[in-house]
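What follows is a short report on a single structure.
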Amino acid sequence: KAAFSRLPSQLGAEDEVAIGSFLLEADRHEQAIDHLGRALQLNPESATAHLGYGRALETLGLYEEALHHLDLALALEPRSDMVRFNKALL
């Protein structure tokens with residue numbers, strides 16, 4: 001809730017990831033990509049943002065780009081079972 005009550009210019013990377021993840025689960029993939037892309041601009045080292053961005057790209061059929069972001073997420077969090085799982089699904 002706190003992320004939604006702030007002005008867009010005040011949102012941090014974690015806020016953008018949270019909103020993007022919510023939108024992804026709500027099947028609002030293009031909006032999710034917008035927020036997850038902003039999260040990556042704010043923090044390119046966010047494995048969670050790369051994972052979400054990759055998942056959103058996959059839903060749009062952009063498999064090569066999705067794989068690239070899942071690979072980046074795995075490089076940042078090599079022990080992440082969630083990233084490995086999503087990569088296996090791709």
Side-chain angles (χ1 to χ4, degrees):
K1 273 186 165 179
F4 288 100
S5 65
R6 297 185 209 161
L7 295 173
S9 63
Q10 296 174 317
L11 295 178
E14 290 180 18
D15 299 322
E16 294 288 2
V17 169
I19 295 168
S21 297
F22 172 80
L23 291 167
L24 185 59
E25 294 304 317
D27 293 329
R28 294 168 61 185
H29 306 127
E30 291 178 5
Q31 289 175 308
I33 285 174
D34 290 341
H35 286 278
L36 292 162
R38 279 196 287 275
L40 288 171
Q41 288 176 343
L42 293 167
N43 182 6
E45 302 298 311
S46 171
T48 307
H50 282 289
L51 171 61
Y53 199 71
R55 289 180 57 218
L57 290 169
E58 185 266 333
T59 64
L60 297 177
L62 301 171
Y63 302 113
E64 285 186 37
E65 290 179 63
L67 182 59
H68 172 72
H69 283 280
L70 293 176
D71 284 339
L72 290 171
L74 194 57
L76 292 164
E77 294 286 336
R79 294 180 174 218
S80 173
D81 291 333
M82 182 62 73
V83 175
R84 290 179 190 278
F85 175 76
N86 280 275
K87 192 172 173 186
L89 292 177
L90 190 64

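One-based numbering along the sequence shown. Worth knowing before you read on, the calculation uses all heavy atoms, side chains too, and leaves out hydrogens, waters and symmetry mates.
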* Derivation of the side chain to side chain contact (heavy atoms under 4.5 Å, CB included) call for H35 and D15 -> CA-CA 9 Å; H35 286 278; D15 299 322; over 6 Å; no
* **Closest non-hydrogen atom pair between A32 and L24, with its separation** => CB-N, 3.7 Å
* Asked: If you round to the nearest 0.5 Å, how far is CD1 of I33 from CG of L40?
  -> 11.0 Å
* Gap separating the NE2 atom of H50 from the CG atom of L36, nearest 0.5 angstrom -> 10.5 Å
* What heavy-atom pair brings L70 and K87 nearest, and what distance separates the two atoms? -> CD1-CA, 3.8 Å
* Asked: Going from CG on N86 to CG on L74, what distance comes out if it is rounded to the nearest 0.5 angstrom?
  -> 11.0 Å
* Are V83 and L90 co-members of a hydrophobic cluster defined by side-chain heavy atoms under 4.5 Å apart? -> yes
* Sidechain-backbone polar pair: S21 side chain, A18 backbone, donor-acceptor under 3.5 Å -> no
* To do: Sequence neighbours left out, what pairs pass salt bridge (charged side-chain N to carboxylate O under 4.0 Å, His left out) with at least one residue falling in residues 36-62?
  => E16-R38, E25-R55
* OG1/T48 to OH/Y53 distance, rounded to the nearest 0.5 angstrom? -> 16.0 Å
* Asked: Roughly how far, to the nearest 0.5 Å, is NE2 of H69 from CG of L62?
  -> 10.0 Å
* Okay, side chain of R84, backbone of P78: is any donor-acceptor separation there less than 3.5 Å? -> yes
* Hey, any chance I19 and V17 share a hydrophobic cluster, counting ILVMFWY side chains that come within less than 4.5 Å of each other, even indirectly? -> no
* Structure fact -> So OG of S46 and CG of L51: to nearest 0.5 Å the spacing works out to 9.0 Å
* With hydrophobic residues grouped by side-chain heavy-atom distances under 4.5 Å, do Y63 and L67 end up in a single group? -> yes
* Structure fact -> Shortest non-hydrogen pair, A73 vs A47, comes out as CB-O, 3.5 Å
* To do: Taking all non-hydrogen atoms of both residues into account, name the closest pair between A39 and A13 and its distance.
  => CB-O, 3.6 Å
* **Partners meeting side chain to side chain donor-acceptor pair (under 3.5 Å) with Q31 (sequence neighbours left out)** => R28
